[in-house]
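Being a predicted model, the structure only gives us computed values, none of them experimental.
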Number of protein chains: 2
Amino acid sequence: MSPDDYLAAAERYCEARGSKLTALRRQVLALVLSQPGVVKAYQVLADLQRERGAAAPPTVYRALDFLVEQGLLHRVDALNGFIVCPHFECAHEGLILVCERCGLVEEADATNSLDMLHQAAAERGFAPRRQNLVLTGTCKECHA
Amino acid sequence: MSPDDYLAAAERYCEARGSKLTALRRQVLALVLSQPGVVKAYQVLADLQRERGAAAPPTVYRALDFLVEQGLLHRVDALNGFIVCPHFECAHEGLILVCERCGLVEEADATNSLDMLHQAAAERGFAPRRQNLVLTGTCKECHA
DNA sequence: GGGCGTAATGTTATACAATAACAATCAGGT
DNA sequence: ACCTGATTGTTATTGTATAACATTACGCCC
């Protein structure tokens, strides 16, 4: 899916959910889309400053938080970064693989093991918030 | 297991692995042990400063990195914190459950599903960094 | 013991990440 | 127009982590 198509779909998606993809939020989303793999908040901030002059950290963090909340982005804790969710529309649970070396992101189907994980948690009375699991490591190209 | 027993066991464990649990590293480990749940680097730093006067961030981070490398501690990315690994002796993949409400942290054994996850990743040529997976959600006590 | 290489620690400064607190503005409903 | 709540702007600060280099301690060989 091209960035433009993605943005259009995101627009419709937010519309349908009754949330507002404002100009600023759209711009931040576009900036994240414009780069491959994991994107950092301060990188987005720098890009935003190039495009619209003044901008401060809270501006970026608020937009990113919104986008994560909507499910358009995922936060990658291990890297203090963000990645685009390739299919926010269908609510299925994915396994996201992030290469620490090159920043490549891919998604694997791991429904079975994810179900098992949730079950293991449930056995302890623990209710996981639904989320897409992220594994960091090295991709095929990058392990020496 | 009491802190003292844990420290003694850690000592033997490092000895056996040919790594050095120096006085400083032992002290940092003791400081982490002295607190329940998740411990933050700068909290350890403050404690260390109380105990030995001067101390700077790199001192603490290096000790914590060492302890994580040895498997004595786990880093909890989602919280920028560290937890004690209760069973460093047996090689294992842990599943760490963090309650968003009360902050409780527990480590569950989920070797099977974690193995499956790694396998799913491996099928794509992806090598996950050895890590302990974190699920956030609500614990037994907390889901209303 | 003296000298050497490596690992560990100390020190200073800085980079990177995130939020607090409050002011200003905008959009929709009545 | 007016009110209300959400969004964005602004300034300042707090929290997290590492770079770069100096110094000290340890093991080893001779």
Side-chain angles (χ1 to χ4, degrees), chain A residues 11 14-15 17-32 35 38-70 72-83 100 103 134 136, chain B residues 10-11 14-15 17-32 35 38-70 72-83 100 103 129 134 136:
Chain A
E11 206 114 46
C14 286
E15 177 78 33
R17 308 184 82 212
S19 65
K20 283 179 278 190
L21 187 64
T22 63
L24 174 64
R25 290 163 176 170
R26 194 180 198 282
Q27 187 176 11
V28 167
L29 179 55
L31 287 171
V32 175
Q35 286 198 281
V38 177
V39 180
K40 317 274 284 186
Y42 273 64
Q43 179 60 56
V44 174
L45 176 58
D47 294 346
L48 197 59
Q49 286 169 338
R50 259 197 292 92
E51 289 191 359
R52 59 158 68 190
T59 299
V60 165
Y61 279 102
R62 286 192 284 233
L64 290 172
D65 287 348
F66 169 85
L67 295 168
V68 168
E69 220 164 80
Q70 301 305 310
L72 296 167
L73 301 182
H74 297 305
R75 174 145 216 278
V76 184
D77 288 323
L79 304 175
N80 292 326
F82 300 83
I83 58 178
E100 293 175 316
V134 176
T136 57
Chain B
E11 206 113 45
C14 287
E15 177 77 33
R17 309 183 82 213
S19 66
K20 283 179 278 189
L21 186 63
T22 63
L24 173 65
R25 291 164 175 172
R26 193 179 198 282
Q27 186 177 12
V28 166
L29 180 55
L31 286 171
V32 176
Q35 286 197 280
V38 177
V39 180
K40 318 275 283 188
Y42 272 66
Q43 179 60 54
V44 173
L45 177 58
D47 294 346
L48 197 61
Q49 286 168 338
R50 261 197 291 91
E51 287 190 0
R52 60 160 66 189
T59 300
V60 164
Y61 278 102
R62 286 194 283 235
L64 290 172
D65 287 348
F66 170 85
L67 295 168
V68 168
E69 219 164 81
Q70 301 305 310
L72 296 167
L73 300 183
H74 298 307
R75 172 140 219 277
V76 184
D77 287 324
L79 305 174
N80 292 326
F82 300 83
I83 60 176
E100 294 175 315
R129 182 163 53 76
V134 176
T136 55

Take atom [atom1] of [X] and atom [atom2] of [N], then tell me their distance rounded to the nearest Å.
X	N	atom1	atom2	answer
A:L24	D:dT8	CG	P	5 Å
A:L45	C:dA15	CG	P	16 Å
B:L67	C:dA8	CG	C1'	14 Å
B:F66	C:dA8	CZ	C1'	11 Å
A:N80	D:dA17	CG	C1'	9 Å
A:Y61	D:dA12	OH	P	19 Å
B:L21	C:dA7	CG	P	18 Å
A:D65	D:dT7	CG	P	12 Å

Please confirm whether any donor atom in the side chain of A:Y42 sits under 3.5 Å from an acceptor in the base of C:dA18, or the reverse.
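For A:Y42, whose side chain was compared with the base of C:dA18, there is a donor-acceptor pair (under 3.5 Å).
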Please tell me which of the listed nucleotides, D:dA19, C:dA18, C:dT19, lies nearest to the side chain of B:P58?
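The nucleotide sitting nearest to the side chain is D:dA19.
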For the side chain of A:T22, starting at C-beta, report the closest nucleotide among C:dA17, D:dT7, C:dT12.
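It is D:dT7.
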When we call it a touch if two heavy atoms are under 4.0 Å apart, what does B:R25 touch: a base, just sugar-phosphate, or nothing?
sugar-phosphate
What does A:R26 touch in the nucleic acid at a heavy-atom separation under 4.0 angstrom: a base, only the sugar-phosphate, or nothing?
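No contact at all - A:R26 keeps every heavy atom at 4.0 Å or more from the nucleic acid.
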[N] phosphate, OP1 or OP2: any side-chain N/O from [X] under 4.0 angstrom?
X	N	value
B:R62	D:dA19	no
A:R52	D:dT8	no
A:K40	C:dA17	yes
B:T59	C:dG10	yes

Can you name the closest pair of heavy atoms from B:R75 and B:F82 and give their distance?
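Closest heavy-atom pair between B:R75 and B:F82: NE-CZ, 3.6 Å.
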Closest approach of B:L64 and B:A41, non-hydrogen atoms and distance?
CD1-CB, 3.9 Å
Given B:T136, B:I83, B:V39, the one that forms side-chain contact (heavy atoms from CB on, under 4.5 Å) with B:V76
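Among the candidates, only B:I83 passes.
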When the nearest nucleotide of DNA chain C is assigned to B:P57 and to B:K20 on a heavy-atom basis, which residue is associated with the more 5' position?
B:K20
Taking the side chain as every heavy atom from C-beta outward, state whether B:L67 and B:L21 have any atom pair closer than 4.5 Å.
yes
Identify each donor-acceptor pair in which a side-chain atom of residues 43-52 of chain A lies under 3.5 Å from a protein atom, sequence neighbours left out, and give them as a table.
from  : atom 1 : to    : atom 2 : distance (Å)
A:Q43 : NE2    : A:D47 : OD1    : 3.0
A:D47 : OD1    : A:R50 : NH2    : 2.7
A:Q49 : NE2    : A:A55 : O      : 2.9
A:E51 : OE1    : A:Q27 : NE2    : 2.7
A:R52 : NE     : A:Q27 : OE1    : 2.9
A:R52 : NH2    : A:Q27 : OE1    : 2.8

